[in-house]
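Here the structure is laid out as structure tokens; the discussion comes afterwards.
Whatever order the structure lists them in is the order used to number ligands and atoms, beginning at 1.
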Amino acid sequence: MVKAVVGANWGDEGKGKITDMLAEKADIIVRFQGGANAGHTIVNDYGKFALHTLPSGVFYSHTTSVIGNGVALNIPILMKEIRSITDRNVPTPRILVSDRCQMVMPYHILFDQYEEERLGGKSFGSTKSGIAPFYSDKYAKIGFQVSELFDETLLQEKVDRVCETKNVILEHLYHKPVIRPEELLATLHEYREMIEAYVCDVSAYLAQALREGKTVLLEGQLGTLKDPDHGIYPMVTSSSTLAAFGAIGAGLPPHEIKEIITVCKAYSSAVGAGAFVSEIFGDEADELRRRGGDGGEYGATTGRPRRMGWFDCVASKYGCRLQGTTDVAFTVLDVLGYLEEIPVCVGYEIDGEVTTDFPVTCKLEKAKPVLKKLPGWKCDIRGIRTYEELPENCRNYVEFIEEQIGYPITMVSNGPGRGDIIYRRSPLQKK
Ligand code: GDP
């Protein structure tokens, strides 16, 4: 059976922790989209790790970690990441990379930087990991699949052809040094050596695994609001962040996905530009940022301070719906223990009218938050293991949000560690 762990919002909801936790009972963990542009932070017995490309199951010796065809694969970064965990005594993980996975090329990273430079103040706030140029090339059909590394004639011919078009842009649009085909080919030969041992026909492997009754976890990156179709376009990422895309980005039949665990954080944070209706500023934001997550809300990949806000029921209800949520994992609830009152965004006011439906981007820019204040619980809830033991105001907060978003909160996370989880039976659960 297949389960997906995905985000309802802008990313950084705590998917890494939930995947690491669920991986204990899974056999295979698959990354199906995105690249090394975002990261998951995981705290376990080996220490604290920031993963960018590797699935969050790499810390268990019984699991296989898979990089699916939907991922933007940066081979040197993957190698570095494998070393970074094995250097810290994590047993060498079993890793498979899809032969249909495409590679982030050195020029994708350069184009990302050059384009942000060219756009100046109008930039998208890219992490400059080459992700947007990578996916543009994939869909323009000039991307490089891992499988192509093993066909020398094809590779040489393609390198020459691609350099021709790239060099026109480098020379005339960006006024930067051109790519030399022989250097690029040499780099790709190095990539071939690095990746050879991991290459696999992933969809066939997964089909066989499912026949054998194995459990597969699909691990999403970012969240619904960064989806190129259903998110806050154009301030989105370049690959679909939805569980449905897990079927495509891993090579699985969609009907195999039986559980969709959507991760929602008990407050909001976002990185990069774009509308963020429940955003807060100044001291209020600084304090939440400082206390947030595990050691502050700063990007796992970039170290950038995250933008902060109150929980947004409108965005989260929409985020959960588009994911096809069966279960909500509600995370980082412990962080809110310092607040006397906790504001929650329950509606958007747009042109004088209040709505609870998440609008298209041009309307979203005009939305003002309608806030409701809930009483805080003013204590530390870390270490609590049953829902009933949580303070009443804390349970009221969870139940209020559950009612607003309309999806069952079956897991409450009250700390960064694997064991910091409270399972709960929800009145909204169908099963
Ligand atoms: P992801 O990309 O969705 O995996 O999220 P990140 O890893 O960027 O951010 C989540 C952060 O919150 C990490 O530092 C986690 O260790 C931390 N975290 C996850 N769940 C909890 C929780 O319940 N409580 C606290 N305090 N921190 C948590």
| query | In terms of heavy-atom contacts, does NZ of Lys258 have more than 12 from other residues, nucleotides or ligands at under 6.0 Å? | reply | yes

| Under a 4.0 Å N-O cut-off, is there an ion pair linking Lys17 with Asp294? | no

| So is Gly415 in contact with ligand 1, going by heavy-atom distances below 4.0 Å? | yes

| field | Donor + acceptor pair across side chains of Glu115, Tyr174 (<3.5 Å) | value | yes

| said: If the cut-off is 4.0 Å to any non-hydrogen atom of Asn414, which atoms of ligand 1 fall inside it? | reply: 23 (O)

| message | Among Arg306, Arg382, Lys265, which one puts a heavy atom closest to atom 9 (O) of ligand 1? | response | Arg306

| request: Considering non-hydrogen atoms only, spot the tightest contact between Gly376 and Asn393 and give its length. | output: O-ND2, 2.9 Å

| query | Where does Asp294 meet ligand 1, judged by heavy-atom distances below 4.0 Å: at the side chain, the backbone, both, or neither? | reply | both

| With only distance considered, is Val43 within less than 3.5 Å of ligand 1 through an N or O on each side? | no

| message | Please work out, at 4.0 Å between heavy atoms, whether the side chain, the backbone, both, or neither of Lys17 comes within that distance of ligand 1. | response | side chain

| query | Is there a nitrogen or oxygen of Gly11 sitting under 3.5 Å from a nitrogen or oxygen of ligand 1? | reply | no

| field | Contact (N/O only, under 3.5 Å) between Gly293 and ligand 1 | value | yes

| Ring geometry between Phe49 and Phe59 (parallel below 30°, tilted from 30 to 60°, perpendicular above 60°) | tilted

| Judged by non-hydrogen atoms, does Asp420 sit under 4.0 Å from ligand 1? | no

| Within 6.0 angstrom of Glu24 CD, more than 12 heavy atoms from elsewhere | no

| message | Polar contacts were defined as any N/O atom of the residue lying under 3.5 Å from an N/O atom of the ligand; does this apply to Gly14 and ligand 1? | response | yes

| message | Under 3.5 Å, is there a donor on one side chain and an acceptor on the other for His108 and Asp137? | response | yes

| field | Part of Val263 within contact of ligand 1 (heavy atoms, under 4.0 Å) | value | neither

| said: Between Glu259 and Thr326, is there a side-chain donor-acceptor contact under 3.5 Å, judged purely by atom types and distance? | reply: no

| field | Numbered atoms of ligand 1 (with element) below 4.0 Å of Ser413, judged on heavy atoms | value | 20 (N), 21 (C), 22 (C), 23 (O)

| request: Would you check the N or O atoms of Thr331, main chain and side chain alike, for any that come under 3.5 Å of an N or O of ligand 1? | output: no

| query | Any side-chain donor-acceptor pair under 3.5 Å between Gln323 and Thr325? | reply | no

